[in-house]
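As a basis for the values below, the full set of heavy atoms in this structure was taken, side chains included, without hydrogen atoms, waters or symmetry mates. The shown structure was predicted, so the numbers you read here are calculated from the model rather than taken from an experiment. In the text below, chain A, chain B and the rest are named by the order of the sequence lines, each starting its count at 1.
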Amino acid sequence: MSDGSSISSHDGHGPSFTFYPAIYVLPTHLSLESLHRVEECLLNRDARLTYDPSEARVFLGNIGQRKRAILELRSRGVCTELEMRSVPGGVHVDGALDLGTETESDGQTNQSTGHLKRARSSDAEVDGSFINSDLIRVVRLGWLEKCVEEKDLVPMDQYIIYQGRRVQHPDDKATKGSEILHRAQQDVSRPHRGTTHRGTTHRPPKLYKQSTSENEDTPPPAPDWVTNHVSYACMRSAPLHPPNERFIDQLVKIRKVRELTLDEIGVRAYSTSIAAIAAYPCEFRRASEVLALPGCDMKIANLFAEFQQSGDGSLVAASALDTDPVLRVLHHFYRIWGVGAKTARDFYYARQWRDLDDIVEHGWNSLSRVQQIGVKYYDELLEGIPRAEVEEIARVVHRHASAVRPGVECIVVGGYRRGKEASGDADLVLSHRDESATHNLVVDVVSSLETEGWITHTLALHLTTSTRDQQTLPLRHDTGNHFDTLDKALVVWQDPSFNDTSPSTPEKKKRNPNPHRRVDIIISPWRTVGCAVLGWSGDTTFERDLRRHAKKSRGWKFDSSGVRERTSGGQVIDLERGGETWQEREKLVMEGLGIGWRPPGERCTR
DNA sequence: GCCT
DNA sequence: CAGTACG
DNA sequence: AGGCCGTTACTG
């Protein structure tokens, strides 16, 4: 092995590390495979592995020098001072030193007595020195190799490179961010110290079989995109329901907390990790598998370890969304259409509101028009639209569009096209092979639908190309020809027809019981319909990475209205010319951008 | 939080 | 200008 | 150390 690790995961039975404190494997100077084998070896012997440096007390690594060891610790935020009493080669005294300090965990000591006997027979240092001391040790990998070779625990002494005690971190001042966020981070950083497993080295029962033979828990071969470090979500296939969906659900909740606490970068980071995990084709069995994915590092691997050990698959930082009283209210406000994280916090902290009634009672007139609509139809707009109903809406829109522009095509995009059972809204792209037919189409379709009673409110109208062009064309010799983005209408929709039978009071019109729905109608000229459909069919991270990739790898600007040169002047790049159908044109765009085609059902980055 |  | 929306 | 989607388009 180039990194000098001779650890094999097929090494038969060996000693048990159950009663060692949390072990952290330093990845430095280790290949990913070696790292995995070392972890595998430890796990097979019931060691308590951690990906959180702050809770580890043994750091195992392919390292030779004390100076290097200190550096490795420091770079992981572990500040120590040298502990002189038992340095390498010194007298072995920690047992005596620490045995007397065991006061807080009698239960654990008693419970493990029987095992301690076994352990003690081969290694006297196991019990006393570690279980209750705050000693931090950096140990050469050779120790583990020796233990494996001897099939027994071997004293660490000769393998200790450095030994220290934790000291207060110099810049440990309070974070300026919200206390909730801070608390959440604290909680995450010590996932094994919860009330459930407090202080004990006892591992929860393994769900998988103890490995004895060929069926060894070697992880499945990594997919290409892992080996090749493909970091753009738009270049991987992520299905609607990936194998690690339950873990992803937890991470999505943490991301939501980051949104609510205005941590945009954290949101971006979690999105990257989530997208990678969503593309992973099998259930993780080891945190080290997580570690191998692009966009996932110790933080995420550690969260997976917590997920795996939690029993019910919950993460403390994720549960905060439901349990923290402040976050609960912020989340509630955030789900109002037209209210983002900033406004939600303003409602809470400045206006001191706590629920929708407070808003209606004390601030109705301070709301924007769309926020009022958002509050009014709060529950209905959050409901989720079944696929059949999305199709129904599309038929109605297509009928009206056809009346106004014969030959128009209506394409359902968004979550529906990715296969979601229920969509947050209905996203429809209208296009026509005759370029002039898409001119003013939004306005015409929306007013037609309004007249027939399908559209109850228009939340936003984005008019760019067509309407404005005509009015301002003479004035527009603009410097930067950003002449195209798509026309679109974001509307509130309600089926106007319902049974008006029964009423004993026939004069009073019964209220329409059909739920209000959010519908987005997007207009695209045929010339760029492939871009429109591509830009409106992927999950957020897929679309972000699409733009990022177009920029970084081609120097192009991609959006749903087309592909352009990024250099001023912005020459249009026509990647879809020659495509006969919108499906063909979308495929040509994906290939032209160099991401390769994949169906919409595989663009689910969450 | 992760990557270059 | 900041804030929100869209995927 | 600096970037992270969009020179988005809209509202107020």
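One finds no salt bridge joining A:Arg246 and A:Asp249 here, because no Lys/Arg side-chain nitrogen approaches an Asp/Glu carboxylate oxygen to under 4.0 Å. Salt bridge A:Arg351/A:Asp346: present, at least one basic N to carboxylate O contact under 4.0 Å.
Under a cut-off of 6.0 angstrom, the local environment of CZ in A:Arg328 is sparse, with at most 12 non-hydrogen atoms contributed by other residues, nucleotides or ligands.
A:Gly340 comes within 4.0 angstrom of sugar-phosphate atoms only, judged by non-hydrogen atoms across all strands, and of no base. Counting any heavy atom pair closer than 4.0 Å across all strands shown, A:Arg603 reaches no nucleic acid atom. Using a 4.0 Å heavy-atom cutoff across all strands shown, A:Arg418 reaches sugar-phosphate atoms only and no base atom. Within 4.0 Å of A:Val339, counting heavy atoms only, lie sugar-phosphate atoms of the nucleic acid but no base atom. Among the atoms of the strands shown, only primed sugar atoms or phosphate atoms (P, OP1, OP2) are found under 4.0 Å from some heavy atom of A:Arg518. Within 4.0 Å of A:Leu546, counting heavy atoms only, lies no atom of the nucleic acid at all. Across all strands shown, A:Thr540 has heavy atoms under 4.0 Å from base atoms, whether or not it also approaches the sugar-phosphate. Across all strands, A:Asp545 comes closer than 4.0 Å to no nucleic acid atom at all (heavy-atom distances).
Using C1' as the reference atom, C:dG3 and D:dG6 are 16 Å apart when rounded to the nearest Å. For the C1' atoms, the distance from D:dT7 to B:dG1 is 27 Å, rounded to whole Å. Taking atom P in both D:dG3 and C:dC6, one finds a spacing of 28 Å when rounded to whole Å. Taking atom P on both nucleotides, D:dA1 is separated from D:dC5 by 22 Å, rounded to a whole Å.
Legend: residues meeting side chain to side chain contact (heavy atoms under 4.5 Å, CB included) with A:Arg554, ordered by chain and number and at least two apart, are A:Trp556. In this structure A:Arg417 satisfies the salt bridge (charged side-chain N to carboxylate O under 4.0 Å, His left out) test together with A:Glu586, sequence neighbours excluded. Taking the side chain to side chain contact (heavy atoms under 4.5 Å, CB included) definition, one finds that A:Pro223 meets it with A:Trp225, A:Val226, A:Tyr280, A:Pro281, sequence neighbours left out.
In this structure, NZ of A:Lys488 is placed 15 Å from P of D:dG6, rounded to the nearest angstrom. Protein atom CZ of A:Arg548 is 14 Å distant from nucleotide atom P of D:dG3, rounded to whole Å. Counting to the nearest Å, the C1' atom of D:dC4 and the OH atom of A:Tyr232 are 11 Å from each other.
For an aromatic pair to be called close, the ring centres must be under 6.0 Å apart, and A:Phe304 with A:Phe284 satisfies this.
Residue-to-nucleotide contacts include no donor-acceptor pair under 3.5 Å from the side chain of A:Arg268 to the base of D:dC4.
When each of A:Leu461 and A:Ile265 is assigned the nucleotide of DNA chain D with its nearest heavy atom, A:Ile265 is the one assigned upstream, toward the 5' end. Nearer to the 5' terminus of DNA chain D, by closest-nucleotide assignment, is the contact made by A:Thr567 (compared with the other of A:Thr567 and A:Arg369).
For A:Leu463, the side-chain atoms get nearest to D:dC10 when compared with the rest of B:dG1, D:dC10, D:dC5.
Taking only side-chain nitrogens and oxygens, A:Lys551 never comes nearer than 4.0 Å to OP1 or OP2 of D:dG3.
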Pairing pattern in dot-bracket form [Watson-Crick, G-U; both distances under 3.5 Å; | = partner strand] for DNA chain D: ||||||.|||||
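Between A:Arg517 and the choices A:Glu383, A:Glu380, A:Glu392, the salt bridge (Lys or Arg N to Asp or Glu O under 4.0 Å) rule is met once, by A:Glu383.
Legend: ring pair (Phe, Tyr, Trp, His ring centres under 6.0 Å) pairs involving residues 363-393 of chain A, not counting sequence neighbours, sorted by first then second residue: A:His332-A:Tyr378, A:Tyr377-A:His457, A:Tyr377-A:His516.
A:Asp425 places no side-chain N or O within donor-acceptor distance of the main-chain N or O of A:Arg518, the cut-off being under 3.5 Å.
Taking a heavy-atom distance under 4.0 Å as the criterion, the stretch of DNA chain C touched by chain A extends 5' to 3' from C:dG3 to C:dG7.
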